[in-house]
Amino acid sequence: MRVIAVHLLNDYSGSPKVLKQLLTGWAKRDIELHLYTCSGREGFLSGLPDVKYNFYWYRFMKNSVLRLLFFMTSQFLLAFKLLFSLKKNDVVYINTVLPFGAAIAGKIRGNKVIYHVHETSMKPLLLKKFLFGVLDLFANEVVYVSNFLADKEPVNIQKTVIYNVLEEDFVKSAFASKRTDKQEKIILMLCSLKAYKGVDQFLKLAQANSKYLFKLVLNASVLEINNYFKHVKIPENLCIYPTQTDTHLFYREASVVLNLSDPKLWVETFGLTILEAMAYGLPAIVPPVGGVTELVTEGKNGYLIESSRIDQISDKLHELFENKELYRSMSCSAVELSKEYSLELFEKKSAEIIFH
């Protein structure tokens, strides 16, 4: 059996990280693995052992018209490439709804086509309808990253929910770290450099809480960060970092983790950085809607607050830092929650989907 895994942009965001975990798990079962992704980028999918790489052309453009044109072109090139390389018993595994060219090629060649869906917030709406329409037509099965997403984007084919999990090495490193009372009060957020991810709200929160240290880790280059903030005065208590291949240090020294996505513009379907932070015993403050609410229980391991409510978030931060017993209780609850997301179960369920 061969699994033909397909992904568009290889970077250090959540969806390629999940595909890396899937590929690693399948490799343990001696499945022949082929990965199709765009060339010229480094990310979680780079340099994986036991994976045969196949690259296709795609270039991300800031201009929306050019971006759509380049995207559509890339998918026709991908479909053409796969039409001549797929074998009868191959399983085509499509990560995110974007690489629709693989679904078309897989359907034409009569292969089993599986989608792993991570997203619901997508613009323009017409593109979203097209991509999910292709999924509806050509997929044999759909994997969702949360129950929220499965309810939000229902399909009339077989579906499974497989929660994202933490890698074994990550868990070992996190659990080995001491989670004692921390002297510094550091608030951490890791996200893409997008306004809808709450970057501007994080800056406002730092401005409103000068006695705390805020650290923002962005999936972006130094140049992109400088361009985004070139007309903005950065407060002294806010440190901004470009793409990081190792985030352990940030989790280790932080006290609280935030997700400030604006639900009107972007709904989080899971929240892998929140789960990672919880393994380090960090209470979380997240939006009150989306898949991330399946990780955070109000008042137990964090709080559910809209990102626009700066005063309310500030009050909760103050409460956590001033009430050591409350912080310790939430920290313990966060660690216990992270233990429920087992890599063993993840690998078992993902293998069952391939083999049945």
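Everything quoted here is computed from the prediction, not taken from an experiment.
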Next on the checklist: Could you tell me if the side chain of V286 sits less than 4.5 Å from the side chain of L304, heavy atoms only?
Outcome noted: yes

Next on the checklist: Please tell me whether F250 and Y241 form a close aromatic pair, meaning their ring centres lie under 6.0 Å apart.
Outcome noted: yes

Checklist entry - Below 4.5 Å, heavy atoms only, C-beta onward: do L272 and F270 meet side chain to side chain? => result yes

Next on the checklist: Please enumerate all residues that pass ring pair (Phe, Tyr, Trp, His ring centres under 6.0 Å) together with F346, with sequence neighbours excluded.
Outcome noted: none

Checklist entry - Could you give the distance from NZ (K123) to OG (S64), rounded to the nearest 0.5 Å? => result 12.5 Å

Next on the checklist: Parallel, tilted or perpendicular: which one describes the rings of F100 and F71, with boundaries at 30° and 60°?
Outcome noted: perpendicular

Item to check | Side-chain (N237) to main-chain (L213) donor-acceptor, under 3.5 angstrom | outcome: no

Checklist entry - How about P124 and L127: do any of their side-chain heavy atoms sit closer than 4.5 Å? => result yes

Next on the checklist: Just to verify, what does F229 make a ring pair (Phe, Tyr, Trp, His ring centres under 6.0 Å) with, not counting sequence neighbours?
Outcome noted: none

Item to check | Inter- and intrachain pairs under side chain to side chain donor-acceptor pair (under 3.5 Å), touching residues 335-350, at least two apart | outcome: K28-E347, E336-K339, K348-E352

Checklist entry - Can you tell me how far CG of L282 sits from CD1 of I187, rounded to the nearest 0.5 angstrom? => result 11.0 Å

Checklist entry - Taking the inter-plane angle between the rings of F214 and Y212 on a 0 to 90° scale, is it parallel (under 30°), tilted (30 to 60°) or perpendicular (over 60°)? => result tilted

Item to check | Distance (rounded to the nearest 0.5 Å) between E184 CD and K215 NZ | outcome: 7.0 Å

Checklist entry - Would you say the side-chain atoms of N209 pair up with the backbone N or O of K211, donor to acceptor, closer than 3.5 Å? => result no

Item to check | Carboxylate-amine/guanidinium contact E322 K185, below 4.0 Å | outcome: no

